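Heads up, the thing below is written out as C-alpha cells.
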Amino acid sequence: MDFLEGLNPQQAEAVRHRDGPLLILAGAGSGKTRVITHRIAHLICSQGVAPWSILAVTFTNKAAQEMRERVLKLLEGRLFSDGPTVCTFHSFCVRLLRRFGGPLAALRPGFSTSFAIYDDDDQMALIKAIYRDLGIDDKALSSRAVLAMISRAKCAKQGPEEWKAKASDPASKKIAEIYDQYEARLRAANALDFDDLLLESVRLLQHDQDLRNSWNERLTHLMIDEYQDTNANQYELMRLLAGKQGNVCVVGDEDQSIYSWRGADIRNILDFQKDFPNATVIRLEQNYRSTKSILAAASGVVANNTNRLGKKLWTAGAEGDPVVIYEAVDSDAEAFFIADMVEKLIHDDSRNRIAILYRTNFQSRAIEEALRRHGRKYKVVGGVSFYQRAEIKDLLCYLRLVVDPADNLALLRIINTPARGIGKTTVETLEQIALAHKISLWAAIQQALEQQELGPRARAALTAFRDLIVELRQASHQKRVDELLETIYERTGYKLMLEQDHTEEGETREANVAELLRAASEAADQGESAVEFLDHAALVSDADQVDETAQVSLLTMHNAKGLEFPIVFVAGMEEGLFPHKRSLDSPAMLEEERRLCYVAMTRAQKQLFLTWARSRRKFGGSPPEPSIPSRFLREVPPHTARKLGGVSSSAEIDLLGERFEVRHTVRKNLYTGKTYNSVENVANFFKERNIPVNLRPPDAGQARPQPQPPPPAEAKQPAAAPAEAKGPKKKSKLSQGAEVTHPNYGRGSIVRVEGEGPDAKVTVLFPGYGLKKLIAKYAGLAD
DNA sequence: TGATTCTACGGTCTC
DNA sequence: CGTAGAATCA
C-alpha cells in the first residue's frame, strides 16, 4: 500500500521524513492525525522500522485509541506481536513506573510499584485534612488556590524545600508548610498525584541510567501530538526518551495552545528550532475542515495575537454561509435562540451534528433547559464525570484499600460508608495513633485493637471492619476484578444500603454501580488486573467520553479541542466571561483566551454561530448583570459575518420567519406549553393560524422618515421609558401595535387582543422572550 | 453516633 | 441554584 497516496505535498513530505527532529506546524483541520498515522505505517512498512520502537503520545485516551485503530487499519494484513505504542503521557508514565519504578524508592522513600494515584478529589481531601490538622481556615487561604500553586511548583520541579527557602512573607511560609505536609502524606500513603506521574518518571529516568539506555535503544521514533500544550516535565521526558538519536517528531499549532494554566509552556513549540537546530520544519496550511467564511473569521481573530510563529491557512472549500453573530437580550433568550436554531438545523438535515460550546460549565444549564423544552436529546461532556460519582468512588476506594492498605485517603472515605458505627471520635483516635507512631491508619487500627484503648462499641465496629477488609484482601488473590468488586459491593453492605433507598436517586446509583461492574467485567475479560483497572479509572478524562455520533453535544471549548462538528455554536461571547475576567489584566492570558476562541471557531465545518447576551445572571435569583460584547466579536472581520438579534430583534423575526420553515419539527415538540418563547415559534404561531403578522418594531414601523437615529441599545432595556409623543398612545392602551412594559419581560408590543377590559387576553411580543399570552388584570402591564 | 435540616457561600478551563 | 459544612435533633 502506498501511504503517500491522497496526501498534499507537505503532508507527504512529513510522512516521508525518516530521521532527525521534525516540527510539523499543523493548522486547524489540516489533517495532522492523518499525517501521524500514515507516517507510522510508512515507517513500519516502507522503511523497515520495528513497530515496537515507535512511541506516539497523544493528548487524550480517546485520541490514542482512535489513532491506534487508524494505524491498525492502515497496517491491515500485517500482524505484529508488539505494535507501536500509542498513549497519553500520563498513561505512559503509569506503565513505566509500575513496571520499572522499583529503583525510584531510592529517591522517594516509601515508594513501591503498587502506588495509588490520587485524582483531584483526593488531592483536595488531602489538603482539607492538612488544613484541619494545622488549624488553617479555608477562608483565610483558599485551598483551591494553594493546590494550584503546589501543582505549578511541581510542574516547575520545585519541591517544598525550594519553596520554603524563598518564602519571605507569612502567607507563603504557610503554603510551604502545607506543601511539605502534602508531600509527606503522599509518600506515607505511597500515592502519586497527576503531576507526580510525570515528575517521578523524569526523576526515574534521570536516576537510572540502565533504564534510560534500554529505552533509548528501543525507541527509535518518537512522536508527540498537541506539542503546544506540553509542560516542562513532559518536555523533559521527551528529551530523555529521545536520547541521542533525537528522532523526535512533534506536531502542534501555537495558535491552539490553551493549557498554560495547567503548566503547559508555549515556548516548547516556539523554541523547538532552538532546541533542535537541525530540525526540519513543515507547515500544513491547507484546511480541509471549514468553509472559507469560517476560516477567515477565525483567522481574523487570532491575527490579533503577537506571539506566533505565523501561518496562513487556506481552503479549497466553498465560501459557505457567513458566521452569524447573535445578540440576545439576556442569557435565557440566548439559550432559546440556540435551542430553536438547533431544531431548525436538525429539521433541515437530520444528519447535522451540532456542538454548543461555552467557556464555563455553569453556562450549560440554561441551554439544557431550553433544549429540554423542545424535547431535544443532547449530551453534556464533562461536568460530574462517572468516576467522580459518590457510589463509584466509594467502591473504587474499597478496591484501592484492598490493593494497598496504606492508602489512608481511601480508608478514610469508606471506613464508615455504609454507616457501621465508626464515628468521628474513633477516627480521630486512629489518626492520633497513626501520627504518633508514624504508621498508616490501617496499621493504627490493628494497634488500637491490640491496646484496648477504645470503648466496647467502637471496638466491635472496628473489629468488624478490619475482618471485612482482611476477608476481601484474601478474596482479591483468587478473583477477577469484576468478581472482586461484586464481592465488595455485597459484603460491605453497600448493595443493601442502595437497595433500601427507594428514591429515584437511589435507583440511579444502583444503575451506576451496575455500569461499573459491567466496565470491570469488560476489563477483566481483557485480562486487566485490579491495579490496571484502577489506573484506567484514574486516568479517564472528560474528553474521553465524547460521543461523536451524538446529534447535539454540549461541552466546554477546552474539551472541544481536536474535535469537529458540522455546526457549532459558541455561547456567552461577553467581556468577563469570554475572555474570562481573570485574564483581563494580563496580555499573555488574553492571548490564550483568544487562542481558545480560535480553537472554538475552527471546530465548525459548515456553519458557525457566535452568541452573546446583553445581560446575564450568575445564578437563579440574583439580578441579571449587564454585559458588553466580547472583544473577539469585534475582531471578526465584518465581511465574514452577519449580525442578528439585538436592537432590531423583531425585524429579525421576519428574516428568520421567511428564511426558515421549521414548523413540523417545532410543532411536534413545542406546542405543549402556554408560552411561545422563540423567534421562530413566533412566526410559526401565526403561520399556523393565518393571522397577519405585525412584527415590525414599533419604531421602524412608522415608516415615515424619522429624524433621529434608531434608539441605542439601552433604550430597549426593561426600565427604559417608551418613546413618547407617538400618536394614539392613550386610547390604544391595549390595542394591537401598542407598546407595553412588563415587570419581568420588559418592553414589548401587543400583537393581539382578545376580549376587553381587565379580563382581556393580550398577546405581547417581548424582544428576546418571544410571545407571551397574558391576562390584562394580572400581568401588571404599563405603557 | 447518625440522620436531618439549615445556612452561608460561591463559580474558569483539567490530565 | 446547588452544595458543603455546621448545627440540631432523635
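Computed from a predicted model, the values in this text were never measured in an experiment. Order of the sequence lines sets the chain letters (A, B, ...), proteins ahead of strands, with each chain counted from 1.
- Ranking B:dT1, B:dC13, B:dC15 by closeness to the A:Thr426 side chain, first place goes to B:dT1.
- Residue A:Gly421 is the one, among A:Gly421 and A:Thr60, whose nearest nucleotide of DNA chain B lies closer to the 5' end (criterion: closest heavy atom).
- For the atom pair A:Met223 CE and A:Met67 CE, the distance stands at 9.0 Å (nearest 0.5 Å).
- When each of A:Leu199, A:Leu147, A:Leu186 is paired with A:Asp193, the side chain to side chain contact (heavy atoms under 4.5 Å, CB included) condition holds for A:Leu186 and for no other.
- Taken to the nearest 0.5 Å, the CD atom of A:Gln234 stands 5.0 Å off from the CZ atom of A:Phe89.
- Whole-Å rounding puts the A:Leu596 CG to B:dC13 C1' distance at 8 Å.
- Taking atom NZ of A:Lys561 as the reference point, atom P of B:dC15 lies 11 Å away to the nearest angstrom.
- Residue A:Thr425 is in sugar-phosphate contact alone, with no base atom involved, counting any heavy-atom pair closer than 4.0 Å across all strands shown.
- Proximity of a side-chain donor or acceptor of A:Ser630 to a complementary backbone N or O of A:Phe578 within less than 3.5 Å is detected.
- Between B:dT14 and A:Asn559, a contact under 4.0 Å exists linking OP1 or OP2 to a side-chain N or O.
- Across the protein-nucleic acid pair, A:Arg144 atom CZ and B:dC9 atom C1' stand 15 Å apart, rounded to whole Å.
- Comparing the P positions of C:dA4 and B:dC13 gives an interatomic distance of 15 Å, to the nearest angstrom.
- The distance from atom CD1 of A:Ile422 to atom C1' of B:dT1 is 12 Å, rounded to the nearest whole Å.
- No cation-pi contact links A:Arg95 to A:Phe100, judged by a cut-off of 6.0 Å to the six-membered ring centre and 45° from its axis.
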Sub-3.5 Å pairs of nitrogen or oxygen atoms, protein against nucleotides 3-5 of chain B:
none

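- OP1 or OP2 of B:dT14 lies within a sub-4.0 Å distance of a side-chain N or O belonging to A:Asn361.
- Among the heavy atoms of the strands, none lies under 4.0 Å from A:Asn61.
- In this structure, of B:dC15, B:dT14, B:dT1, it is B:dT1 that holds the atom nearest to the side chain of A:Arg457.
- Phosphate proximity of B:dC15 to A:Thr88: absent, as no side-chain N or O sits under 4.0 Å from OP1 or OP2.
- Map A:Arg262 and A:Glu593 each onto its nearest nucleotide of DNA chain B; the residue landing nearer the 5' end is A:Glu593.
- Figure legend: cation-pi geometry between A:Arg262 and A:Tyr259, with NZ or CZ positioned under 6.0 Å from the six-membered ring centre and within 45° of its axis.
- As a whole-Å value, the separation of A:Leu197 CG from B:dC15 P is 13 Å.
- A:His558 and A:Trp261 have their aromatic ring centers within a separation under 6.0 angstrom.
- At B:dT1, none of the side-chain N or O atoms of A:Asn416 fall inside 4.0 Å of OP1 or OP2 (strictly under the cut-off).
- Following rounding to the nearest Å, A:Asp138 (CG) and B:dC9 (C1') show an atom-to-atom distance of 11 Å.
- A:Phe59 has its CZ atom 15 Å from the P atom of B:dC13, to the nearest Å.
- Between A:Asp255 and the options A:Gln228, A:Arg595, A:Arg308, a side chain to side chain donor-acceptor pair (under 3.5 Å) holds for only A:Arg308.
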**Q.** Annotated protein contacts, base or backbone, on nucleotides 1-10 of chain C with a non-hydrogen cut-off under 4.0 Å, one of B, S, - each
**A.** SS--S-----
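- Evaluation of A:Tyr259 against the base of B:dT14 yields no stacking contact (centre distance < 5.5 Å, interplanar angle < 30° required).
- In this structure, the separation between CD1 on A:Ile469 and CG on A:Leu411 is 7.5 Å, given to the nearest 0.5 Å.
- Counting any heavy atom pair closer than 4.0 Å across all strands shown, A:Asp120 reaches no nucleic acid atom.
- Distance CG (A:Asn233) to P (B:dT14): 21 Å, rounded to an integer number of Å.
- Note that A:Lys561 lies in the cation-pi zone of A:Phe59, set by a 6.0 Å cut-off to the ring centre and a 45° limit from the axis.
- Among residue pairs with one or both ends in residues 414-433 of chain A, none qualify as ring pair (Phe, Tyr, Trp, His ring centres under 6.0 Å); sequence neighbours excluded.
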